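Bear in mind that the values here come from a model prediction, so they are computed numbers and not experimental data. To find a chain, count down the sequence lines: A is the first, B the second, and so on, and within it residues start at 1.
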Protein chains: 2
Amino acid sequence: MDPFAALADPLRRDLVARLARGSARVVDLTAEHDVSRPAISRHLRLLAEAGLVSAEDRGRERHYRLERGGLRPVADLLAALGGAAPPVTDRMLDGLELEVRRTGRDRRAARTRPHPHSEPHSQPHSEPHSQPHSQEDTA
Amino acid sequence: MDPFAALADPLRRDLVARLARGSARVVDLTAEHDVSRPAISRHLRLLAEAGLVSAEDRGRERHYRLERGGLRPVADLLAALGGAAPPVTDRMLDGLELEVRRTGRDRRAARTRPHPHSEPHSQPHSEPHSQPHSQEDTA
DNA sequence: GATATTGGTAACCGCTTGGTTACCTATCTG
DNA sequence: CAGATAGGTAACCAAGCGGTTACCAATATC
């Protein structure tokens, strides 16, 4: 699951926001977010697949931590949509890079995906295809 | 529909990315993204509800334009998740504000929504609730 | 060793989503 | 006016999502 779909769910946004203030176990997160534990567990698994969180087993407990590098695609899109005076600066992306390296000691899960950004984008479909009248304003 | 859910769909991300390079009509977008026109039309409606695009009728044509102000919630979340050295600076949010004003001459559609950011966020559920043993690492 | 705690997985279920085709209105053009 | 073009809406359908309960394995504790 890509980071965008992962962040589409309000509960998952709550989870990542919570983990931004420190890692936590599943029971803790369950206590805070009144849905059943299996639901939380599955949300966390999706977030991990999206590269937004990572887990570390300590005995019978599993500690989930925010993985800020997984936010790259989101930051990239924001940058791409920024337009002429980009609201998302390159400095910001550099900050993310640093973040990735800083937490890079146990990114087992991150290794499963080739790279957390720039999905295939599919069809070549976009010839300039000039049309008789309107079609482009570049407002 | 909130901006996060709106951006969860790859096709919708393609649409906003396309509109970032200039407004376009529905037929144009349909020609570029091989799905049927009704599908495109519905995606655009969802994007408009999310505050990410706006439409302007010109005769029988409807021109869709990117509405950068709708990205506020996304930028806010990124800022909230940024941690100590925030990857998304306040300067970026200022940039978005400016962007909203700059394109503010014909935002008819924007007036139909109360404000394009900061959804309710629901439950108050989060008392500090200190627990006996682990629960917080502040990694 | 018995029991409690942590947490993942499986099976099921209702709702939403995204796609399609068919149809309709409105505007432009010959 | 007749036809073509632009675009929204309705009805339908398959697939995915998020929730639940039930169950299981593993670790900690008495």
Nearest whole Å is fine: how far is [N] [atom2] from [X] [atom1]?
{"X": "B:R62", "N": "C:dC28", "atom1": "CZ", "atom2": "P", "value": "14 Å"}
{"X": "B:D57", "N": "C:dA26", "atom1": "CG", "atom2": "P", "value": "13 Å"}
{"X": "A:H63", "N": "C:dT6", "atom1": "NE2", "atom2": "P", "value": "11 Å"}
{"X": "B:R45", "N": "D:dG7", "atom1": "CZ", "atom2": "C1'", "value": "12 Å"}
{"X": "B:E56", "N": "D:dG7", "atom1": "CD", "atom2": "C1'", "value": "16 Å"}

inquiry  = Are the side chains of B:R37 and B:V26 in contact, using a 4.5 Å heavy-atom criterion?
reply    = yes
A:S41 side-chain proximity, nearest of C:dG8, D:dT9, C:dG7 = C:dG8
key: Under 4.0 Å protein heavy-atom contacts per nucleotide of nucleotides 13-22 of chain C, with B for base, S for backbone only and - for none   = ----SBBBBB
inquiry  = If the helix axis at each end comes from five base pairs, how far does the helix from C:dG1-D:dC30 to C:dG30-D:dC1 deviate from straight, to 10°?
reply    = 20°
Where the side chain of [X] meets the backbone of [Y], is there a donor-acceptor pair that is under 3.5 Å apart?
{"X": "B:R18", "Y": "B:G22", "answer": "yes"}
{"X": "B:R58", "Y": "B:H63", "answer": "no"}
{"X": "A:R25", "Y": "A:Y64", "answer": "no"}
{"X": "B:R13", "Y": "B:L7", "answer": "yes"}

key: Distance below 4.0 Å between B:R25 side-chain N/O and D:dG7 OP1 or OP2   = no
ask   = Does OP1 or OP2 of C:dT6 have a side-chain N or O of A:Y64 closer than 4.0 Å?
value = no
Closest heavy-atom contact between [X] and [Y]?
{"X": "A:H33", "Y": "A:L15", "answer": "CE1-N, 4.0 Å"}
{"X": "A:S36", "Y": "A:T30", "answer": "C-CG2, 4.4 Å"}
{"X": "B:P3", "Y": "B:A50", "answer": "CG-O, 3.8 Å"}

key: Sequence-distant partners of A:S41, side-chain contact (heavy atoms from CB on, under 4.5 Å), two or more places apart   = none
task = Report the residues that fulfil side-chain contact (heavy atoms from CB on, under 4.5 Å) with B:L46, sequence neighbours left out, ordered by chain and then residue number.
result = B:M1, B:R12, B:E49
Pairwise N/O distances under 3.5 Å, protein to nucleotides 26-30 of chain D:
unit_1	atom_1	unit_2	atom_2	d
D:dT27	O3'	A:R60	N	3.4

query = Residues in salt bridge (Lys or Arg N to Asp or Glu O under 4.0 Å) with A:R42, at least two apart?
reply = none
